[in-house]
Visitor: 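Could you have a look at this structure, given as structure tokens, before my questions?
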Amino acid sequence: MWTVAPQREVLRIGGGPPPLTSLSVAEAVAAQLRARILDEELADGSELPTEAVLLEEFQVSRPSLREAFRILETEGLVKVRRGKRGGMVVLHPTHDSAAYHVGLLLHSRKIPLADLAAARNMLEPLCAEEAARRRSHVSIGRKLASLCTPDEGQLEDGVAFTAMATRFHEELVVAAGNSTLDVLAGILESLWSTQEITWARSAVDEGDYPALKLRREVINAHLRISRAIENGDHVEAVRLTRGHLRAATPFVVSRGGQVRAIDRRGRRATPRG
């Protein structure tokens, strides 16, 4: 039970931990709400209970509760919705949200873009191999192949084409069927997608985006990888994936530079076209 002592806010739970300071109370409230979010007691996109309800439940001061909100907002687990229907909206973690925080670390350490590409190029062939080894390799290969049919609009629009191509690679990671690998490799894919979309926008603006012939070669490479997985040929799936990445990656890394989690104006870089 949460109680507030006269003069000083404290938290007591049975006969357990000693009283906590005001800031620790905020952290403890944040811990309770964080657990509810991560354990899915609070659904993604739902609203936290109102301040009045939470103040009654936790028996803490309004400043401590709002400090708890700020902690969760910093972690990306809630966001403020303004307006008449304002409130705190729950956000479950995603590859993109995790990738953003990893991206901040890589950005701050000035990690070269080529280094990120090398890490991705090590992991993705492993995902292709595992996908081809799965019992459901036939349906996996066909699903991946279904992502390789851009319409003319996508084919001609460099940014839209890049977004479509990155989707194939993101699904290839999922196809490995390992949840932990999905998260770790998925973070790399999301980070890479952000860098690749940024490159595509710049290349389109400068009239330097690869020609239609090269775009069709990308589609054919994706189809060949899909067929190898469909056939359960893990050796060929690895070979084709490595070859495709070796051919495609230089377009993005050729300009040099480092991993960027924010744009030149300090705004969050987005992984979608």
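Side chains are part of it too, since the values below use all heavy atoms of this structure and drop only hydrogens, waters and symmetry mates. Not measured: the values here are computed from a predicted model.
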Visitor: Considering only residues two or more places apart or on different chains, which pairs with a residue in residues 68-80 satisfy side chain to side chain donor-acceptor pair (under 3.5 Å)?
Guide: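 Of all non-adjacent pairs touching residues 68-80, those that pass side chain to side chain donor-acceptor pair (under 3.5 Å) are Arg34-Glu75, Glu67-Arg70.
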Visitor: List the atom of Ile140, the atom of Ala175, and the distance in Å for their closest heavy-atom pair.
Guide: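 Looking at all heavy atoms of both residues, the closest pair is CG2-CB, 3.5 Å.
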Visitor: Quick one: do Val89 and Leu42 end up in the same hydrophobic cluster if we chain Ile, Leu, Val, Met, Phe, Trp and Tyr together by side-chain heavy atoms under 4.5 Å apart?
Guide: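 Not linked; separate clusters.
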Visitor: So if you build clusters from Ile, Leu, Val, Met, Phe, Trp, Tyr with side-chain heavy-atom gaps below 4.5 Å, do Leu106 and Met122 land together?
Guide: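 Different clusters.
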Visitor: I want to check something: taking the side chain as every heavy atom from C-beta on, are Leu155 and Arg216 in contact at a cut-off of under 4.5 Å?
Guide: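 Contact flag for Leu155/Arg216 side chains = yes.
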Visitor: Considering all heavy atoms of both residues, which atom of Val78 and which atom of Leu48 are nearest to each other, and what is their separation?
Guide: CG1-CD1, 4.0 Å
Visitor: Do any pairs count as a salt bridge (charged side-chain N to carboxylate O under 4.0 Å, His left out) and have a residue in residues 99-110, sequence neighbours left out, and if so which ones?
Guide: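 Counting only pairs at least two positions apart or across chains, no salt bridge (charged side-chain N to carboxylate O under 4.0 Å, His left out) contact touches residues 99-110.
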Visitor: Which pairs count as ring pair (Phe, Tyr, Trp, His ring centres under 6.0 Å) when at least one residue sits in residues 112-142, sequence neighbours excluded?
Guide: none
Visitor: Between Phe161 and Ile219, does the side chain to side chain contact (heavy atoms under 4.5 Å, CB included) criterion hold? Intermediate values first, please.
Guide: CA-CA 10 Å; Phe161 178 78; Ile219 294 300; 3.8 Å; yes
Visitor: Could you list all the ring pair (Phe, Tyr, Trp, His ring centres under 6.0 Å) pairs where at least one residue sits in residues 168-187, not counting sequence neighbours?
Guide: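 Counting only pairs at least two positions apart or across chains, the ring pair (Phe, Tyr, Trp, His ring centres under 6.0 Å) contacts touching residues 168-187 are Phe168-His222, His169-His222, His169-His244.
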Visitor: Within the side chain of Asp39, is there an N or O that forms a donor-acceptor pair under 3.5 Å with the backbone of Glu41?
Guide: no
Visitor: Please step through side chain to side chain contact (heavy atoms under 4.5 Å, CB included) for the pair Phe69 and Val80, ending with a clear verdict.
Guide: CA-CA 9 Å; Phe69 289 162; Val80 178; over 6 Å; no
Visitor: Have Arg201 and Thr162 got a donor and an acceptor in their side chains that come within less than 3.5 Å?
Guide: no
Visitor: Drop me the distance from Arg167's CZ to Glu171's CD, to the nearest 0.5 angstrom.
Guide: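 Going from CZ on Arg167 over to CD on Glu171, the span is 4.5 Å.
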Visitor: Sequence neighbours left out, what passes side chain to side chain donor-acceptor pair (under 3.5 Å) with Thr94? Give chain and number order.
Guide: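 Checked Thr94 against side chain to side chain donor-acceptor pair (under 3.5 Å); matches are Ser97.
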Visitor: Using the side-chain hydrogen bond (donor to acceptor under 3.5 Å, both in side chains) rule, take Ser193 and Glu170 through it: C-alpha gap first, then chi angles, then the decisive distance, then the call.
Guide: CA-CA 9 Å; Ser193 295; Glu170 290 165 359; 2.9 Å; yes
Visitor: Could you name each residue pair satisfying side chain to side chain donor-acceptor pair (under 3.5 Å) that touches residues 144-161, not counting sequence neighbours?
Guide: none
Visitor: Is a donor on one side and an acceptor on the other found under 3.5 Å between the side chain of Tyr209 and the backbone of Ala203?
Guide: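 A pair under 3.5 Å: no.
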Visitor: Do Ser61 and Ser64 have side-chain atoms, one donor and one acceptor, less than 3.5 Å apart?
Guide: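 On atom types as modelled, these side chains qualify, holding a pair under 3.5 Å.
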Visitor: CG of Leu77 to CG of Leu33: how many Å apart, nearest 0.5 Å?
Guide: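 Leu77 CG to Leu33 CG: 10.0 Å, rounded to 0.5 Å.
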Visitor: Quick one: do Phe58 and Ile37 end up in the same hydrophobic cluster if we chain Ile, Leu, Val, Met, Phe, Trp and Tyr together by side-chain heavy atoms under 4.5 Å apart?
Guide: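 Phe58 and Ile37: one cluster.
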Visitor: Show every salt bridge (charged side-chain N to carboxylate O under 4.0 Å, His left out) that has at least one partner inside residues 182-196, sequence neighbours left out.
Guide: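 Counting only pairs at least two positions apart or across chains, the salt bridge (charged side-chain N to carboxylate O under 4.0 Å, His left out) contacts touching residues 182-196 are Arg120-Glu189.
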Visitor: Taking a hydrophobic cluster as the set of Ile, Leu, Val, Met, Phe, Trp and Tyr residues connected by side-chain heavy atoms closer than 4.5 Å, whether directly or through intermediates, do Leu144 and Met164 fall within one such cluster?
Guide: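 No; tracing contacts between hydrophobic side chains, which count when under 4.5 Å, never links both residues.
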Visitor: Give the intermediate values and the outcome of side-chain hydrogen bond (donor to acceptor under 3.5 Å, both in side chains) for residues Tyr100 and Thr194.
Guide: CA-CA 9 Å; Tyr100 176 62; Thr194 300; over 6 Å; no
Visitor: Once side-chain contact (heavy atoms from CB on, under 4.5 Å) is applied, do any residues pair with Val238, and if so which ones, sequence neighbours excluded?
Guide: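 So Val238 forms a side-chain contact (heavy atoms from CB on, under 4.5 Å) with Pro125, Glu129, Arg242.
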Visitor: Which atom pair, heavy atoms only, marks the closest approach of Asp44 to His92?
Guide: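 Where Asp44 meets His92 most closely, the heavy atoms are OD1-N, 2.9 Å.
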Visitor: Measuring from atom CZ of Arg142 to atom OG of Ser226, what distance do you get when rounded to the nearest 0.5 angstrom?
Guide: 12.0 Å
Visitor: On a heavy-atom basis, which atom in Ala117 and which in Thr249 lie closest, and how many Å separate them?
Guide: CB-CG2, 3.5 Å
Visitor: Using side-chain contact (heavy atoms from CB on, under 4.5 Å) as the criterion, list what pairs up with Ala185, not counting sequence neighbours.
Guide: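 With sequence neighbours excluded, Ala185 shows a side-chain contact (heavy atoms from CB on, under 4.5 Å) to Leu123, Cys127, Val173, Leu181, given in chain and number order.
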Visitor: Tell me whether Asp233 is salt-bridged to Arg133, with the criterion being a basic N under 4.0 Å from an acidic carboxylate O.
Guide: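 A salt bridge is absent here (no side-chain N lies under 4.0 Å from a carboxylate O).
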Visitor: Step by step, would you call Leu113 with Trp192 a side chain to side chain contact (heavy atoms under 4.5 Å, CB included)?
Guide: CA-CA 9 Å; Leu113 191 56; Trp192 179 258; 4.1 Å; yes
Visitor: State the CD1-OG distance between Ile229 and Ser139, to the nearest 0.5 angstrom.
Guide: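 Ile229 CD1 to Ser139 OG: 11.0 Å, rounded to 0.5 Å.
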Visitor: Could you go through the salt bridge (charged side-chain N to carboxylate O under 4.0 Å, His left out) check for Arg134 and Glu130 one step at a time?
Guide: CA-CA 6 Å; Arg134 293 180 67 187; Glu130 291 304 308; over 6 Å; no
Visitor: Could you work out, with side-chain contact (heavy atoms from CB on, under 4.5 Å) as the rule, every residue matching Arg227, not counting sequence neighbours?
Guide: Leu223, Arg224
Visitor: Go through the structure and list residues passing side chain to side chain donor-acceptor pair (under 3.5 Å) with Arg66, not counting sequence neighbours.
Guide: Glu51
Visitor: Closest approach of Ala132 and Ala237, non-hydrogen atoms and distance?
Guide: CB-CB, 4.3 Å
Visitor: Does this structure show an ion pair linking Glu236 with Arg239, if we count only N-O contacts that are shorter than 4.0 Å?
Guide: yes
Visitor: Do Val174 and Leu172 land in one hydrophobic cluster if side-chain heavy atoms of ILVMFWY residues count as linked below 4.5 Å?
Guide: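 Val174 does not cluster with Leu172.
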Visitor: Return the CG to CZ distance between Leu116 and Arg260, rounded to the nearest 0.5 Å.
Guide: 14.0 Å
Visitor: Closest heavy-atom contact between Leu105 and Ser108?
Guide: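 Here Leu105 and Ser108 meet closest at O-OG, 2.8 Å.
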Visitor: Please report the interatomic distance CZ(Arg246) to CG(Asn121), rounded to the nearest 0.5 Å.
Guide: 9.0 Å
Visitor: Only one of Leu184, Leu191, Val259 forms a side chain to side chain contact (heavy atoms under 4.5 Å, CB included) with Val102, so which one is it?
Guide: Leu191
Visitor: Taking side-chain contact (heavy atoms from CB on, under 4.5 Å) as the test, write out the residues that go with Pro210, two or more places apart.
Guide: Trp199, Leu214, Phe251
